[in-house]
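Only one structure is covered here, and it is reproduced in the block below.
Every chain is numbered from 1, with letters handed out A, B, ... down the list of sequences.
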Amino acid sequence: MFWLDEILSKLPEKEQHIINDAKSPSGPPHVGSLRGVLIHDAVYKYLKEKGYNVRYIFGSDDYDPMDEIAGTLPREIYEQYLGKPLAHVPAPEGSGFEDLAMYFISDFFKIFDQLGVEAEKYYMRDYYKNGFFNEAIETVLDNADVIREIYLKVSGAKRPDNWYPIQVVCEKCGKIGTTEVIDWDGKEVTYVCKEDKVTWAKGCGHVGKISPFNGNAKMPYKVEWAAKWKYFGVTIEGAGKDHNTKGGSRDIANAISRQVFGYEPPVNIPYEFFLVGGAKMSSSKGRGATARAMADFLPPEILRYLMLYTHPKRKVNFEPSEKYITKLFNAFDKLHERIINGEPVEDWERSVYKLSQIFYHEPYRVLDFSLITTMIQLPYIDIYKEAEKRFGSPLTETERKVLESRIKAARYWLENFAPEEDKYQLQQTLPEKARELTQVQIAFLNKLADKLEALDDYNEDTIQSTIFEVARFTPIDGKTAFQAIYTVFLGKNNGPKAGRLLAYIDKDFVLKRLRELSFDEKEFLEQSSLDLEQFEQWWQKNKDKVQIQSDSLKAYDKFDKGFVELIYIKKDKPHLLRITGSDNSQELLQKVKQIINID
RNA sequence: CGGCUCGUAGCUCAGCUGGUAGAGCACGGGACUCUUAAUCCUGGGGUCCAGGGUUCGAAUCCCUGCGAGCCGGCCA
């Protein structure tokens, strides 16, 4: 069953469904955090389309303590803020944001817009400060014993009898991560700001008594989670697998929700990690791809597609290799094409497509990703014009936009991920790889040089046709011929359209390079020839397709062997065929004539 | 050590409530061609991790083992 339908089938009867997700803005979010965002957005859009009354809310957990210094921040400046609520930590100088939480979360929310994620944003600091959670805090403190019991039973964590599920913002040092409440009298809590409560921050030692309401304190994560469910009326909320382990935060929150708040926890959607290059990306280490990077790289429909066609329970292993990326784009394009053309598709595929393709609703044509990466490496080429040429008609507004986003992706890939071997670069000296060329290939290159030198009109098209012409007369098959060209110029087996490539390189340089290797004529002739038996087979197969004129045969002797060259016409184009044998050329010629039955 | 998830063609994966396996890519062959992941036909390929159990019958359910990934103080 399609995973979205699985979720649908678990949904309880409700007037309104509320999907919730949240993120602690402690650093630049890594790509992995996009998975939950997109899954929830898909659920939201899917339910909405099915006629449900549904909302998608997304919170910034900005009252959480700062428990790490993101790699992008200067350590010496931020060290002092560790332990303070993220909402109370200043933003980097000159960033224009009033605090660190806003600094990080606003960029994340911008990504939402880029990806077409429609969530209503909220900020936890507001809900603490305006008293929205006062009732929850009171409930939680009154039921501290129940919660201690839950921690013990569900995860085996022992809490002392005077432990309370609340954390106060220290009146003296402003930290929230270091305080521990030791008493609750129904109105106020007594707390200690402990020096060694956590490893990542140091408390000031202050002991105080204060009301836990209106922003003076916050509930710890797992408790807060349950409180949010109850007070926001959350009915659907997934979480990454790290939260969903047995005895983990989700289990604790579930128990608190039921036993303390009397609220049935939302439908869960456990989802796997989003890995890049085989490793889990971690923002705390300050390396690995960020959500920002991914959003700047892949067009939204592609990223959405990747996340939605993969079942949430399966991990996504994104590899920034050309092969993987091309495959991903092509998979999406194929589906796109099938749907546009009205070909049969599975219902779930259609759903995935609709949930991915949210910006363009009309049919459009696209160029292949790898073709684009090739073209953008060529100087003086207008990809838009090239696309029109291929499509045979002008681009529509949508096609222009889609192409633009593809070009952006290709550029991003080339700059950030492409290994050297995927970049086309004109080799200033003859590449090492040229040693692998056969004598026939080298002979072809030399012949090509002669023809090109004599060319009056030296341009893309004439060069391209000359290449084919020389290939037919060498003879050498087209693929091998092109490989030879790419090898001597780029050190690779493939490259951009050869005519275009050569047209943009200095002619003298081209000629010199083509002639740089010399070939052994004896070997060339032998390797490029068929023996009589092979010729006869060829003839049997092709006699209906080719035309031969009696004056098109040429015989000569060389290196103690006879050779016969035959020019034939196939599809209006002349080709050369070389035949050899131990006989002298005149005898060979007779035999050839017998086979083709002319005199 | 405990828990969770997973282990299906070379690769990435589909296979809902059990009836002896599919797709895409890759590979082989053919057609076609002014090459551009070309395209179009076509073919080969799997002891469904291993062993046991339930069943007339299991990739599909149960148990065990092996292997992989993740979680397992606090924080989130």
Side-chain angles (χ1 to χ4, degrees), chain A residues 1-3 5-6 9 22-27 61 64-68 82-83 86 155-159 167 176-178 180 194 196-201 220-222 224-225 239-251 253 270-273 275 278-280 284 309-311 313-317 319 322-331 333-335 346 348-349 367-375 378 386 390 424 460-469 471-472 477-486 493-501 541 545 570-571 573:
Chain A
M1 205 190 332
F2 181 40
W3 64 270
D5 289 324
E6 282 173 37
S9 68
K23 173 93 188 76
S24 190
S26 57
D61 286 337
D64 288 358
M66 178 178 185
D67 62 356
E68 62 181 9
L82 279 166
L86 289 159
S155 74
K158 287 175 211 99
R159 301 282 148 139
Q167 283 188 282
I176 194 170
T178 52
E180 214 168 270
K194 292 177 99 176
D196 58 349
K197 188 189 178 225
V198 288
T199 52
W200 37 268
Y221 173 68
K222 298 169 199 179
E224 181 182 283
W225 207 4
K241 71 184 293 197
D242 44 342
H243 294 277
N244 280 302
T245 189
K246 190 167 184 186
S249 42
R250 176 78 197 202
D251 276 358
Y271 53 87
E272 255 283 359
F273 288 130
L275 307 151
K280 182 187 159 197
S284 58
Y309 91 87
T310 311
H311 192 288
K313 270 203 222 163
R314 304 211 65 118
K315 64 176 177 240
V316 175
N317 224 324
E319 275 177 56
E322 181 171 25
K323 204 176 151 193
Y324 181 93
I325 295 169
T326 303
K327 223 171 125 174
L328 175 62
F329 275 77
N330 288 344
D333 290 344
K334 271 251 168 73
L335 182 58
E346 304 278 343
W348 73 269
E349 289 179 310
L367 288 183
D368 174 81
F369 180 74
S370 61
L371 179 57
I372 294 174
T373 60
T374 301
M375 291 204 292
L378 289 172
E386 183 65 26
R390 282 167 179 268
Y424 299 127
E460 193 180 316
D461 292 331
T462 57
I463 294 171
Q464 186 77 7
S465 20
T466 303
I467 293 170
F468 277 93
E469 187 188 320
R472 287 195 305 270
D477 75 272
K479 194 174 178 176
T480 319
F482 280 101
Q483 275 179 5
I485 294 172
Y486 296 129
N493 279 337
N494 49 52
K497 188 169 180 177
R500 182 173 291 143
L501 176 69
K541 232 168 121 180
K545 301 177 191 163
K570 189 174 176 183
K571 300 224 161 170
K573 292 214 168 70

Task: For atom CG of A:L367 and atom C1' of B:rU36, their distance in whole Å - done: 12 Å

TODO: Determine the contact category for A:R159: base if any of its heavy atoms lies under 4.0 Å from a base atom, sugar-phosphate if only primed atoms, P, OP1 or OP2 are that close, otherwise nothing.
DONE: sugar-phosphate

Task: Among B:rA76, B:rA37, B:rC11, the nucleotide that comes nearest once only the side chain of A:K327 is considered - done: B:rC11

Open item on the list: Expressed as a whole number of angstroms, how long is the span from A:R472:CZ to B:rU35:P?
Closed with: 12 Å

Task: Side chain of A:Y221 (C-beta onward), nearest among B:rC74, B:rA76, B:rU35 - done: B:rA76

Open item on the list: I'd like the C1' distance from B:rA14 over to B:rC74, given in whole Å.
Closed with: 42 Å

- [ ] Can you tell me, in whole Å, how much space there is between the P of B:rG52 and that of B:rG57?
- [x] 15 Å

Task: Exercise: identify the closest heavy-atom pair between A:W225 and A:R250 - done: CZ3-CA, 3.6 Å

TODO: Starting at atom NZ of A:K313, determine the distance to atom P of B:rG7, rounded to an integer number of angstrom.
DONE: 11 Å

TODO: Please determine, for the side chain of A:R314, which listed nucleotide (B:rC34, B:rC70, B:rG7) has the closest atom?
DONE: B:rG7

Open item on the list: Quick check: closest heavy atoms across A:G83 and A:P65, and the distance to 0.1 Å?
Closed with: O-CB, 3.7 Å

Open item on the list: Does the structure show a Watson-Crick or G-U wobble partner for B:rG67, both distances under 3.5 Å? Name it, or say none.
Closed with: B:rC6

Open item on the list: Taking B:rC63 as the reference, what is the distance to B:rG44 when you measure between their C1' atoms (whole Å, please)?
Closed with: 38 Å

- [ ] Measure the distance from CH2 on A:W3 to P on B:rC16 and round it to the nearest whole Å.
- [x] 19 Å

TODO: Pick the C1' atom in B:rG51 and in B:rC11, then give their distance to the nearest Å.
DONE: 28 Å

Open item on the list: From the set B:rC74, B:rU35, B:rA76, return the single nucleotide nearest to any side-chain atom of A:Q167.
Closed with: B:rA76

Open item on the list: Between B:rC70 and B:rG28, how far apart are the two P atoms, rounded to whole Å?
Closed with: 36 Å

Task: Side chain A:Q167, main chain A:I176, donor-acceptor under 3.5 Å - done: yes

- [ ] Mind checking A:S465 for me? I need base, sugar-phosphate or nothing, with any heavy atom below 4.0 Å counting as a touch.
- [x] base

Open item on the list: Can you tell me how far apart CD1 (A:I467) and CZ (A:F482) are? Round to the nearest 0.5 Å.
Closed with: 5.0 Å

Open item on the list: How close do A:K313 and A:P270 get, counting heavy atoms only, and between which atoms?
Closed with: CG-O, 4.0 Å

Open item on the list: Return the pairing partner of B:rU12 with a 3.5 Å limit on both distances, Watson-Crick or G-U wobble; otherwise return none.
Closed with: B:rA23

Task: Atom of A:E68, atom of A:S26 and distance for their closest heavy-atom approach - done: OE2-OG, 3.4 Å

Open item on the list: What is the distance, to the nearest angstrom, from the CD atom on A:E349 to the C1' atom on B:rG15?
Closed with: 14 Å

Task: Residue A:S249, side-chain atoms from C-beta onward, closest of B:rC75, B:rA76, B:rG73 - done: B:rA76

- [ ] Examine the base of B:rU35 for any acceptor or donor lying under 3.5 Å from a partner atom in the side chain of A:Q464, and report the outcome as yes or no.
- [x] yes

Task: Rounded distance (Å) that lies between atom C1' of B:rU36 and atom CD1 of A:I372 - done: 13 Å

Task: Same-atom distance (C1') from B:rU8 to B:rG46, integer angstrom - done: 8 Å

- [ ] Would you name the heavy atoms of A:V198 and A:T178 that are closest together and state the gap between them?
- [x] CG2-CG2, 4.4 Å

Open item on the list: Considering every strand and a 4.0 Å limit on heavy-atom distances, what is the contact class for A:Y486: base, sugar-phosphate, or nothing?
Closed with: base

Task: Gap in Å between the two C1' atoms, one belonging to B:rU54 and one to B:rC62, rounded - done: 7 Å

Open item on the list: Applying the Watson-Crick and G-U wobble criteria at under 3.5 Å, what pairs with B:rA31? Answer none if nothing qualifies.
Closed with: B:rU39

TODO: Send over the distance from A:K334 NZ to B:rA37 P, rounded to a whole Å.
DONE: 13 Å

TODO: Could you work out which one of B:rC70, B:rA76, B:rC34 sits closest to the side chain of A:F273?
DONE: B:rC70

Open item on the list: Tell me which nucleotide, if any, is Watson-Crick or G-U wobble paired with B:rU47 when both distances must be under 3.5 Å.
Closed with: none

Task: Nearest-angstrom distance, P atom, B:rC40 to B:rC25 - done: 9 Å

Task: 5' precedence on RNA chain B between A:N330 and A:D67 (nearest-nucleotide basis) - done: A:N330

TODO: Report the distance from atom OH of A:Y324 to atom C1' of B:rC25, rounded to the nearest whole Å.
DONE: 13 Å

